[in-house]
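To start, the structure itself, in structure tokens.
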Amino acid sequence: MKPLWRAIEYDFWIEAVVLLLMATGTVFVYSAGASVNPQSDLSHFYDFPMFKQILFFPAAVGIMLITRRVNYRRFNFCQGRWRQSLTPYLLALSIICLILVLFFGVERNQSRRWLDLAPGPMYVSFQPSELAKWVMIIFLAAFLDRVGEGIRDFRKRFLPVCLLLALVAGLIVIEDFGTALFIALLTFLMLWIGGAVWWHLLTPLAVAVPGFLAAILTSTTRINRIKDFAASLFGQGQVPYQALQSLKAISSGGLWGAGLGQGVFKYGHLPEDTTDFIFAVISEELGFVGAIWVIVLFALFLVLGIRVSLHCRDRFGTLLSAGIVLAIGIQATVNIGVVTVVLPTKGIPLPFVSAGGTSLLLTAAATGILLNIARQMDQQTEEAESADAA
């Protein structure tokens with residue numbers, strides 16, 4: 001009899017969980033995008049996030065199904081196969097896009113984070129920091145697989161990775177502090193998983209901490225967010241407006257919620273209700289049950305993804321799947337922490353659920369890679385068992 005972990009088709013169940021999350025997101029982005037504006041009609045289709053999300057959902061599913069058919073080893077450059085690997089080209093593209101957005105980016109919500117690829121009524125925008133996040137994960141997995149135990153060499157192996165991180169995070173932190181910090185955290189976690197010496201991980205802090213402090217101190221908005229959060233945390237000030245409205249929306253949902261589409265905080269009371277605070281809308285309309293539904297789906301994704309990483313027989317596949325699962329799991333945790341006011345307010349979307357084309361499509365592509373790893377893991381295990389039996 002096969003052990004339980006072999007009896008489960010991990011690619012099928014991961015795909016099912018992700019599809020449920022994306023479907024939930026599409027429904028609630030549509031609900032949260034409800035407006036009392038009389039112009040909310042099909043003649044203004046592309047001006048509303050709820051309508052755009054209807055297009056992004058099938059596009060994300062299609063991208064996930066395409067990338068799951070791409071052999072994940074195409075991203076590796078072990079044994080000197082640099083030219084055959086997709087990763088160096090993706091890394092170069094992401095750095096170029098990060099530079100371009102600083103000069104030609106479109107400013108929204110007082111931040112210059114987007115490149116307009118097709119301006120006009122049916123505009124298409126792109127967020128380079130999202131691409132950089134996933135490319136860094138792929139690059140680190142390939143690099144750590146190639147150098148192996150060599151990552152313990154501080155000067156020749158560890159330091160070059162830190163310099164690359166400094167370049168990528170430095171370009172992002174100018175306009176997006178949260179994503180830069182998130183990429184730095186993921187990098188150090190992957191280096192730790194990949195076998196780096198623990199005290200090596202402490203040495204970059206001498207540069208990273210002052211750099212991030214400077215990024216905070218040079219931004220009035222970031223300073224005020226931290227001050228307001230600290231004051232409310234210790235009972236010395238009022239909860240910031242956005243956080244307060246989020247708590248009100250969650251608490252008003254009760255056990256079963258007000259009903260799908262029946263929430264009221266989305267009508268101008270809760271800022272960023274279709275993106276960063278979509279979890280509050282879900283909690284208001286479906287109550288505690290709806291909130292637990294989303295949390296359980298993410299927990300299932302984490303458990304299944306971790307099992308894939310643990311049982312993959314390929315070091316590159318192990319590192320890559322671990323990076324993908326860590327990125328989605330940490331991002332979901334941070335978003336829910338912000339919405340429930342456990343963490344200070346920061347613009348981190350809820351994976352698969354929040355509105356936003358770049359985030360959804362790239363996360364779906366990363367999930368497709370994870371599905372390919374899971375499928376090949378099953379095949380590798382079956383081949384190994386057949387060889388042992390013979």
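Computed from heavy atoms alone, side chains included, the values below leave out hydrogens, waters and symmetry copies. This chain uses plain numbering: 1 for the first residue, then up along the sequence. This is a predicted model, so every value here is computed, not measured.
- Scanning all heavy atoms of the two residues, the minimum distance from Ile172 to Ala180 falls at CG2-N, 3.8 Å.
- No continuous path of ILVMFWY side-chain contacts below 4.5 Å connects Phe352 to Leu361, so the two sit in separate hydrophobic clusters.
- Under 3.5 Å, the side chains of Gln376 and Asp314 contain no donor-acceptor pair of N or O atoms.
- Linking ILVMFWY side-chain heavy atoms closer than 4.5 Å, directly or via other members, places Leu304 and Leu310 in a single hydrophobic cluster.
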Side-chain atoms of residues 285-296: list all donor-acceptor pairs with protein atoms under 3.5 Å, sequence neighbours left out, distances to 0.1 Å.
unit_1: Glu285; atom_1: OE1; unit_2: Ser31; atom_2: OG; d: 2.8
unit_1: Glu285; atom_1: OE1; unit_2: Gly261; atom_2: N; d: 2.8
unit_1: Glu285; atom_1: OE2; unit_2: Ser31; atom_2: OG; d: 3.0
unit_1: Glu285; atom_1: OE2; unit_2: Gly263; atom_2: N; d: 3.2
unit_1: Glu285; atom_1: OE2; unit_2: Lys266; atom_2: NZ; d: 2.8
unit_1: Trp293; atom_1: NE1; unit_2: Thr24; atom_2: OG1; d: 3.4

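- For Ala364, the side chain to side chain contact (heavy atoms under 4.5 Å, CB included) partners are Ala60, Met64, not counting sequence neighbours.
- Linking ILVMFWY residues whenever their side-chain heavy atoms come closer than 4.5 Å, directly or via other members, places Ile96 and Trp134 in the same cluster.
- In terms of hydrophobic clustering, with Ile, Leu, Val, Met, Phe, Trp and Tyr side chains grouped at heavy-atom distances under 4.5 Å, Trp256 and Val27 are assigned to a common cluster.
- Residue pairs meeting the ring-ring contact (aromatic ring centres under 6.0 Å, His included) criterion with at least one partner in residues 169-198, sequence neighbours excluded, are Phe177-Phe212.
- Shown here are the side chain to side chain contact (heavy atoms under 4.5 Å, CB included) partners of Thr67, two or more places apart in sequence or in another chain: Ile63, Ala365.
- Contact annotation: the side chain of Leu191 approaches that of Val161 to within less than 4.5 Å [non-hydrogen atoms, C-beta and beyond].
- Taking Arg112 as the reference, Glu107 meet the salt bridge (charged side-chain N to carboxylate O under 4.0 Å, His left out) condition, with sequence neighbours excluded.
- Contact of the Ile151 side chain with the Phe143 side chain is registered, since non-hydrogen atoms from C-beta on lie closer than 4.5 Å.
- The nearest pair of heavy atoms linking Ile137 to Met190 is O-CE, 3.7 Å.
- Qualifying salt bridge (charged side-chain N to carboxylate O under 4.0 Å, His left out) partners for Arg68, counting only residues two or more places apart in sequence or in other chains: Asp11, Glu15.
- Side-chain contact between Leu189 and Ile330 is present, with at least one heavy-atom pair separated by less than 4.5 Å.
- Annotation for Gly194 and Leu319: closest pair CA-CD2, 4.0 Å, computed over non-hydrogen atoms.
- Using the six-membered ring where Trp is involved, His269 and Phe265 have ring planes that are perpendicular, over 60° apart on the 30 and 60° scheme.
- Looking only at side-chain heavy atoms (C-beta outward), Leu270 and Ser246 come within less than 4.5 Å of each other.
- Pairs of residues two or more places apart, or lying in two chains, that qualify as side-chain hydrogen bond (donor to acceptor under 3.5 Å, both in side chains) and include a residue from residues 325-338 are Lys133-Gln331.
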- [ ] Verify side-chain contact (heavy atoms from CB on, under 4.5 Å) between Val101 and Trp114, making sure each step is shown before the conclusion.
- [x] CA-CA 6 Å; Val101 79; Trp114 294 267; 5.6 Å; no
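- Taking the side chain as every heavy atom from C-beta outward, Asn372 and Val70 never approach each other to under 4.5 Å.
- Shortest non-hydrogen contact noted between Gly170 and Val173 is O-CG1, 3.5 Å.
- Note that SG of Cys162 is 8.0 Å distant from CG of Leu201, once rounded to the nearest 0.5 Å.
- Rounding to the nearest 0.5 angstrom, the gap separating the CG atom in Leu115 from the CG atom in Leu98 is 9.0 Å.
- Residues Val281 and Leu20 share a single hydrophobic cluster, defined by chaining ILVMFWY side chains whose heavy atoms lie under 4.5 Å apart.
- Residues passing the salt bridge (charged side-chain N to carboxylate O under 4.0 Å, His left out) test with Arg74: none are found, sequence neighbours excluded.
- For Ile99, the side chain to side chain contact (heavy atoms under 4.5 Å, CB included) partners two or more places apart in sequence, or in a different chain, are Ile95, Phe103, Leu171.
- Phe75 approaches Ala142 most closely through the heavy-atom pair O-CB, 3.8 Å.
- A donor-acceptor pair is defined here as one N or O able to donate and one able to accept, closer than 3.5 Å; no such pair exists between the side chain of Ser252 and the backbone of Glu284.
- Of all heavy-atom pairs between Val29 and Thr274, the closest is CG2-O, 3.7 Å.
- Using a 4.5 Å cut-off on side-chain heavy atoms (C-beta onward), Cys97 and Phe126 make contact.
- Taken from CZ in Phe57 to CE in Met22, the straight-line distance is 5.5 Å, to the nearest 0.5 Å.
- Under the side-chain hydrogen bond (donor to acceptor under 3.5 Å, both in side chains) criterion, no residue pair touches residues 351-370, with sequence neighbours excluded.
- Contacts of Gln262 classified as side chain to side chain donor-acceptor pair (under 3.5 Å), with partners at least two apart in sequence or in another chain: none.
- At distances below 3.5 Å, not a single donor-acceptor pair connects side-chain atoms of Arg313 with backbone N or O atoms of Thr318.
- Contact of the Ile14 side chain with the Val308 side chain is registered, since non-hydrogen atoms from C-beta on lie closer than 4.5 Å.
- Rounding to the nearest 0.5 Å gives a distance of 11.0 Å between CZ of Phe77 and CD1 of Ile138.
- For the side-chain hydrogen bond (donor to acceptor under 3.5 Å, both in side chains) condition, the pairs that include at least one residue of residues 160-179, sequence neighbours left out, are Asp176-Thr179.
- In this structure, the side chains of Phe158 and Thr203 come closer than 4.5 Å at one or more pairs of heavy atoms.
- To the nearest 0.5 Å, atoms OH (Tyr267) and CG (Asp273) are separated by 10.5 Å.
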